[in-house]
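Values reported hereafter were calculated over all heavy atoms of this structure, with side chains retained and with hydrogens, waters and symmetry mates removed. Residue numbering restarts at 1 for every chain, and letters A, B, ... go by the order of the sequence lines.
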Amino acid sequence: MTRAVEAITLVPGKAEGQTFVLTEPLSFWGGLDSLTGRIIDQWHPQKNACISGRVLVMKAGRGSSSGSSVLAEAIRRGTGPAGIVLMTRDAIVTVGSMVAVELYGATCPVVLVLEADWDLISRSWGLALEAENPTATLRLLDAVL
Amino acid sequence: MALQLTSFDDELLAGTHGEAAAFSMRLLVRFAEAVGAESFVDIEAAHIDGCLYLGQVSLDFVEHLVRLKGRVRVPTTLNVGSVDLIHPELFRGEEEIGTNGARLMKVHEELGCMPTFTCAPYQTMFRPRFGAQIAWAESNAIVFANSVIGARTNRYGDFIDLCCALTGRAPYYGLHMPENRRAQVLVEVESLPDEWPDAGPACVAVGHTIGKHCGSLIPAITGLPGNTQEDDLKALGAVAASSGAVALFHAVGLTPEAPTVDAAFQGHQPVETIRLTADDLRRTVRNLSTVPDGTPLAGVSLGTPHFSLEEFARLMPLLQGSRPVVDIYINTNRSVLEELGNGGWDTALEAQGVTLVIDTCTYLTAIMRDMSGAIMTNSGKMAYYAPGNIGVDIAFGSLADCMASARAGKVVRQ
């Protein structure tokens, strides 16, 4: 049986990928290299990890509002995340993803879940997002061994 | 409650005011839903952060709006770009960034934006009035507009700033609403280091502390030095918006919405009180330097955010004496540059070998000729970002310390 979590759609679209949980908030500007999809924030505990193609799970955004551009650029280049799961509404992340859709038709759905679901989601191996308006479903995937 | 649109908002969405405005309004509606806004408000001005080149998407977005025949509906200033268009020879970075960066700055003018290229638009004739609803982007500009001027903006960022400018509308939420502007955290500066003659270092230390501790909560600060000036508050806000996400602070007795502690808190109680002593301030300032005193310097960088005319006035007496042995860069804007000739200051600066950087900033773009040693600055924001952004060691000090060190060729304190 596949477990599923209900979510609110911030940016619609479909995505599937391995879960990548940000253990601390990350500012995309100064924190993410859009050329490689790697975390370059020297102070971040997950420095050097690559988020490309992963479903990024983050409690909240942080820092510079130029983050919208860095996220949109990463999505354009194909180095960005496949989708983003937020625990708090974040306009910077939402706008970055929306611009990528509007300009390039490249989708990176963004959904909002309850913080109560954090443990369950963050322990999943992979996630499949189906984000429509106004609600989304998030299926928790197990590793295929 | 769902988002309420006026008939004008509906017209914008329907394309009555052009395709670019319709495109912008679509993004704004989605943004408003993401932040939970219930309506839009008219804005008087916008300040655009997105003219700094961050990749092809920066150009694609603006050129798309130009193709749709977009035009700003309110006076719109531009933030720093990737290159100094007045002194293009200063640029030492990659060709793609130089070429596309300059193109991005110019293409914004085709939308009707004004070529101010400054992170301190409040130093120009486009300074908003108290209470004005505006849509400003760039973190130091935002915190200054809200705190020191008392205008009203949220922390807008790339893309949305321009959408607000093209529609003249902003989602009505957050700091646009008076009740959300009350202070939440009380920051009491109990004592000040006697050895600091001007308010600069104390304001940077307080700013850095509130950034770290308050996140996006609104602090009200008491006990700042008696000689605190507007530029000191500029520096305070800039570092608070770097180490945290501060968009508004109240300095009791100094900023317009805080004549008293009670006014700053709108009659509510603080959720938290932070007390800072002289030793706390000294420690914070010390931690902003990544190298010890005595370290050889490769250069000095001032004016991040952009140096004001008043700061040049403070600097001029410190320029008297022997010529500095390391490069000094001062970042400032076109409107201050115009004024510098009036007192012959431009000639005096040139005689001391000072490089004026206009339209951009030394920690954003490759300008400094020598980065083989540490860089000294009186800007907490530069100290916070430069080690990561351009990979240099930083020494932080007062303006007087910076100038004394420029002459000594190493970090010295007065």
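- Using a 4.5 Å cut-off between heavy atoms, Tyr156(B) touches chain A through its backbone atoms (N, CA, C, O) alone.
- Distance check, rounded to the nearest 0.5 Å: CZ of Phe159(B) to CD1 of Ile92(A) gives 11.5 Å.
- With chain A as partner, the option from Leu27(B), Leu52(B), Val35(B) having the largest number of non-hydrogen pairs under 4.5 angstrom is Leu27(B).
- Between chain A and the residues His64(B), Gln56(B), Arg26(B), the largest count of heavy-atom pairs under 4.5 Å involves Gln56(B).
- Glu33(B) CD to Asn133(A) CG: the interatomic distance, rounded to the nearest 0.5 Å, is 7.5 Å.
- Closest heavy-atom contact between Asp158(B) and Val95(A): O-CG1, 4.0 Å.
- Here the closest non-hydrogen pair linking Phe31(B) and Ala91(A) is CE1-CB, 3.1 Å.
- Atom-to-atom distance recorded for Thr94(A):OG1 and Ile160(B):CD1 is 9.5 Å, nearest 0.5 angstrom.
- Side-chain contact between Phe61(B) and Val99(A): present, with at least one pair of heavy atoms (C-beta onward) separated by less than 4.5 Å.
- Interatomic distance, CG of Asp49(B) versus OG of Ser69(A), reported as 8.0 Å (0.5 Å rounding).
- Here the side chain of Arg30(B) pairs a donor or acceptor atom with the backbone of Leu10(A) at under 3.5 angstrom.
- In terms of heavy-atom proximity, Leu54(B) sits nearest to Glu73(A) at O-CG, 3.9 Å.
- Other residues, nucleotides and ligands contribute more than 12 heavy atoms inside 6.0 Å of the CD atom of Glu110(B).
- Among Asn154(B), Asp161(B), Val57(B), the residue making the largest number of heavy-atom pairs under 4.5 Å with chain A is Val57(B).
- At most 12 heavy atoms of other shown residues, nucleotides or ligands fall within 6.0 angstrom of atom CD in Glu132(A).
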